[in-house]
Amino acid sequence: VSVTVVVGNPRPGSRTRHAAELVGYRLTGAQPDAVLDLAEMGADLVDWSSARIAGLKGQVLAADVIVVASPTYKGTFTGLLKLFLDRFGAGELAGRPAVPLMLGGDLRHALAVEVALKPVLVEIGASCPTRGLFLLDSAYDDPTVLDEWAAQAVPQVAAAARGRQQP
Ligand SMILES: Cc1cc2nc3c(=O)[nH]c(=O)nc-3n(C[C@H](O)[C@H](O)[C@H](O)COP(=O)(O)O)c2cc1C
């Protein structure tokens with residue numbers, strides 16, 4: 001099972017990126033096949049003819065599973081991530097399992113991953129078989145939190161990926 005991680009943090013090399021890589025590792029026991037750190041894409045993200053962004057889309061469409069990660073800004077996911085997700089047509093992900101992940105400083109915004117990020121992924125055709133994962137930035141790599149989430153989520157993602165490969 002191949003995993004592509006998409007990171008929508010304006011700062012490169014962020015905790016959000018590290019958390020997404022940890023989640024990718026939990027899903028397969030291996031490092032993600034590709035990590036797309038959107039902070040490195042600069043003005044290409046607003047250039048709809050960018051071959052670079054078309055290449056990133058290709059890496060998403062080639063993956064069996066995607067992890068889509070963002071910090072919480074103003075109660076929702078970042079505009080940077082939205083710029084990338086807007087490149088996908090409605091339904092284009094064709095049932096590909098996706099795991100929405102958000103980091104934030106305040107647990108009062110924990111539902112943003114369910115009510116803001118997950119619906120956008122579903123709109124572009126992803127299937128989201130797990131609970132979205134919201135991690136406090138101060139404890140994003142706490143293995144207990146990741147273990148608890150993974151116990152339920154890993155089999156759900158594996159089943160969704162198998163179902164998609166063998167319709
Ligand atoms: C502009 C901005 C807005 C933020 N708004 C929120 C917010 O509404 N809710 C929240 O829980 N955290 C908020 N935060 C905190 C970030 O979500 C948190 O620091 C980030 O997830 C940490 O991840 P990072 O180290 O990968 O950037 C905000 C941070 C910034 C810079």
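This is a predicted model, so every value here is computed, not measured. As the structure lists them, so they are numbered: ligands from 1, and atoms in each ligand from 1.
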Results of salt bridge (Lys or Arg N to Asp or Glu O under 4.0 Å) for D142 - residues two or more places apart only
none

Inspect the contact between D147 and R26 and indicate whether a charged nitrogen and a carboxylate oxygen are less than 4.0 angstrom apart.
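D147 and R26: salt-bridged.
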
Look at E92 together with K57 and state whether they make a salt bridge at an N to O cut-off of under 4.0 Å.
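Salt bridge flag = yes for K57 with E92.
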
Show every salt bridge (Lys or Arg N to Asp or Glu O under 4.0 Å) that has at least one partner inside residues 3-22, sequence neighbours left out.
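Salt bridge (Lys or Arg N to Asp or Glu O under 4.0 Å) check on residues 3-22 returns R15-D137, R17-E21, R17-D37, R17-E40.
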
Any residue meeting side-chain hydrogen bond (donor to acceptor under 3.5 Å, both in side chains) with Q59, in chain and number order, not counting sequence neighbours:
none

Are the side chain of D64 and the backbone of S2 linked by a donor-acceptor contact shorter than 3.5 Å?
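Confirmed, D64 side chain pairs with S2 backbone.
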
For ligand 1, list the protein residues that place a heavy atom within a distance below 4.0 Å of one of its atoms, sorted by chain and number.
N9, R11, S14, R15, T16, P71, T72, Y73, K74, G75, L103, G104, G105, D106, H109, D137

